[in-house]
Amino acid sequence: MINKTFVVAAIAIGSAVALTRAAVPNPEITARSIQDPPRQQQPRELVLALDNPSYQPRIGIPDFVAGGDAELQAAAKTLADVLAADLDFEKEFLVVDRKASASIPAAATPETIPWDSWRQIGADFVIFATMRRSGAQFTIDLKVLSTRSEPVGQQKFGSEYSNCAMNNPRYCAHFISDDMHAKLRQLVGVARTKIAFASDRDATRQAGRPDMGAIGKEIYISDYDGANQRPATANRSLNINPTWLPDARGLAYTSYVSRFPDIYITLFDGRPPTRPAAGTDVIQNTLPAVSPDGQRIAFASGRSGRYDVWVVNRDGSNPRNLTPNTPNSDEGAPTWSPSGSQIAFTSDRTGSPQIWVVSADGLGPPKRLTSDVHADAPTWSTQNYIAYTLGGGPGHDVAVIDLSKMETRIITDGIGSNKQPTVAPNARHIAFVTTRWGKEQIAIIDFPTGKSLRRVTDAGNNTYPDWSPVPGGTSNATNRTARIPQ
Amino acid sequence: MKDAFWRLTIIAAVLAIAAACGGKKPPVTKPGPDPFPSTSVPADPNPVVSTPPPPTALPVPPDANPNARPYDALSTDDINKKSILKPVFFLYDSDELDEAARKTLESNAQILKEYRAWVLTVEGHCDERGTPEYNLSLGDRRAQAAKNYLLSLGITADRLKTVSYGKEFPFNPGHDEGAWQQNRRAQFMVTAK
């Protein structure tokens, strides 16, 4: 039996992100597990089980049954395509290419599924899903059936997802993917996460300047898979370095909208952003990083001369210099450890920029983590590694420090310049900026393989990516470490 | 007499700055590996022999007629677009003012002494090669270096703000050494006149 719980309520807490100008939260999708009574399993079935962590079950995803409603059929097509891509992304399942399986006749009932065809194409399991519409919403009844059970077609997973929005089947697919990964693979899926970044795609030439390259940048937000890219700022100035609040319900970022850099926090609620670092033209602040509890902001500021790492409370109280003893070097680019007890940052106190770490209260001497030609932009993952930009050649590459072994290695492939990594909340993927396609674009690779390159952006130059937390937290699944598929 | 006084003042200021910089940070040939040795930059297949943009400022002789104030008719936007205050340029990964940069700043200081109402922001900019985060601090150092030299030339601090744009606002959006030379700069933007 896959899941002994008869009813599991998983609640998606609205949308991770809604725009300042158009707050449209996603509906609260609910999942209700539907289980067949347990049956005797064959030994071969146990090996090929849907929840065997050392096996990558092969899943076929035919079109879902949607009746005669053309809109519902369109939603069904999107749902199946996006669910296939979401499941493929984590590689916990080997998804049979939907184009390859398109020739297998669709079945209106589980009993009429052509099992031989699915086995021939290599599927251990087939998803059978029926959708029914209720106004602007639909419900999907999804089953995962075995092609190899005795008798064939035994149900291994079943759930009914209600309150899916007709106008947002992608989110419904993301929810189902995260639910399947949590319940079948004990994995925090990232299908509902988003990536924030800075983009010059609006080509807002700055007025009254001699420099032709002075193009404004706005903060943009994309779904993790590149869908739904939309602006989160619209001030036509320079906005960089977005960083998510830990509940994924807001962003901190650097804006030059007042003609000097300061840190802004927006909750996408239409209210003006707050400015916890209280910048002025002589107290300038940049490169924010929000603590895991959301209560403190670390950032770089040159207010005492050279750049230092400062920490201020979210409400603007108690600004303090974390690196006061290095008046002749620059410290910046802070990142918090997952527990919030330490901060890694960049310092050029030994000549070239390197990654250092210090306790978040500033007590004790900082410790140096890298010995590279040029190291910058550290980002601390949830799985005890720090990814960062490694410079030194004609371009950059993304490197990783394994904190348990204190070993570093390059994870990008050296094609183009690769920089500014951000790590997915399950630590199995790294998004970064690459110039391999010409302009600066955001791409994703898997950790630790460095493979499965996927492109996220294509319009303009896109930099400073930051991967959101999982909306609603990750309490419904433990976080398994990365598994390398065969 | 007046010229001689200024010459001495400038020489003294240059020496003072040189001494201060020398103590604080060694010049370009600093110990340890250069973050991005220029030898590792591949040869540009289409080399552009580039020099900083030609000066567009009208010459202001030291003994200019105080009644001839050619920039009074210009808006701040025009002053900035025409680069009446000329930018100064830096070597790779350096915030040192070389002789050409100091001469440019001295010329800018002359204009600022003629136009005492001008308030400006000294912007520090970088080429695209360093990491974007490091470039924010490098740009800040460049802006501070230019500002400090203007201070030493007698321009008052209340007229000089600084800001770093890192690599975000290149003068020339190209990707070769010619563009990079133009982008490693401190740029002077008049905000009030």
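The analysis underlying the following values was restricted to heavy atoms, covering all of them including side chains, and did not include hydrogens, waters or symmetry mates. Sequence lines set the chain letters: A, B, ... in the order given, protein chains first and strands last, and positions in each chain run from 1.
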Would you indicate whether the side-chain heavy atoms of A/Tyr307 and A/Ser301 approach each other to under 4.5 Å?
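Heavy-atom side-chain distance check fails, nothing below 4.5 Å.
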Qualifying residue for side-chain hydrogen bond (donor to acceptor under 3.5 Å, both in side chains) with A/Gln441, from A/Asn461, A/Asp458, A/Thr463, A/Thr457
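Answer after filtering A/Asn461, A/Asp458, A/Thr463, A/Thr457: A/Thr457.
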Does atom CZ of A/Arg368 have more than 12 heavy-atom neighbours, drawn from other residues, nucleotides or ligands, at distances under 6.0 Å?
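Counting other residues, nucleotides and ligands, CZ of A/Arg368 exceeds 12 neighbours.
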Is atom CZ of A/Arg201 surrounded by more than 12 heavy atoms (other residues, nucleotides or ligands) closer than 6.0 Å?
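Yes, enclosed.
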Counting only heavy atoms closer than 4.5 Å, note whether [X] contacts chain B via side chain, backbone, both or neither.
| X | value |
| --- | --- |
| A/Asp281 | both |
| A/Ile215 | backbone |
| A/Thr286 | side chain |

Examine distances only and state if a side-chain atom of B/Ser83 and a backbone atom of B/Lys86 form a donor-acceptor pair shorter than 3.5 Å.
no
Using the ring of each side chain (for Trp, its six-membered ring), is A/His374 parallel, tilted or perpendicular to B/Tyr134, with breaks at 30° and 60°?
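Rings of A/His374 and B/Tyr134: perpendicular, as their planes differ by over 60°.
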Can you say whether the rings of B/Phe169 and B/His125 are parallel (under 30°), tilted (30 to 60°) or perpendicular (over 60°)?
parallel
With chain B, which of A/Gly213, A/Ala333, A/Ala375 has the greatest number of heavy-atom pairs at distances under 4.5 Å?
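Maximum pair count with chain B is reached by A/Gly213.
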Between [options], who has the most heavy-atom pairs with chain A when the cutoff is under 4.5 Å?
| options | result |
| --- | --- |
| B/Leu136, B/Thr76, B/Asp77 | B/Leu136 |
| B/Gly166, B/Gly174, B/Pro132, B/Ser164 | B/Pro132 |
| B/Glu128, B/His175, B/Arg185, B/Lys161 | B/Lys161 |

For A/Asp330, is there an ion pair with A/Arg306 - N to carboxylate O distance below 4.0 angstrom?
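Here A/Arg306 pairs with A/Asp330 in a salt bridge, since their nearest N and O are under 4.0 Å apart.
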Give a yes or no on whether a salt bridge exists between A/Glu440 and A/Lys419, defined as a side-chain N under 4.0 angstrom from a carboxylate O.
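Yes, charged N to carboxylate O under 4.0 Å.
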Heavy atoms under 4.5 Å from chain B: which residues of residues 204-212 of chain A carry them?
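Listed by number, the contacting residues are A/Gln206, A/Gly208, A/Arg209, A/Pro210, A/Asp211, A/Met212.
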Results of side chain to side chain donor-acceptor pair (under 3.5 Å) for A/Arg436 - residues two or more places apart only:
A/Asp413, A/Asn418, A/Thr434
Side chain, backbone, both or neither: which part of B/Glu123 has an atom under 4.5 Å from a heavy atom of chain A?
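B/Glu123 touches chain A through side-chain heavy atoms alone.
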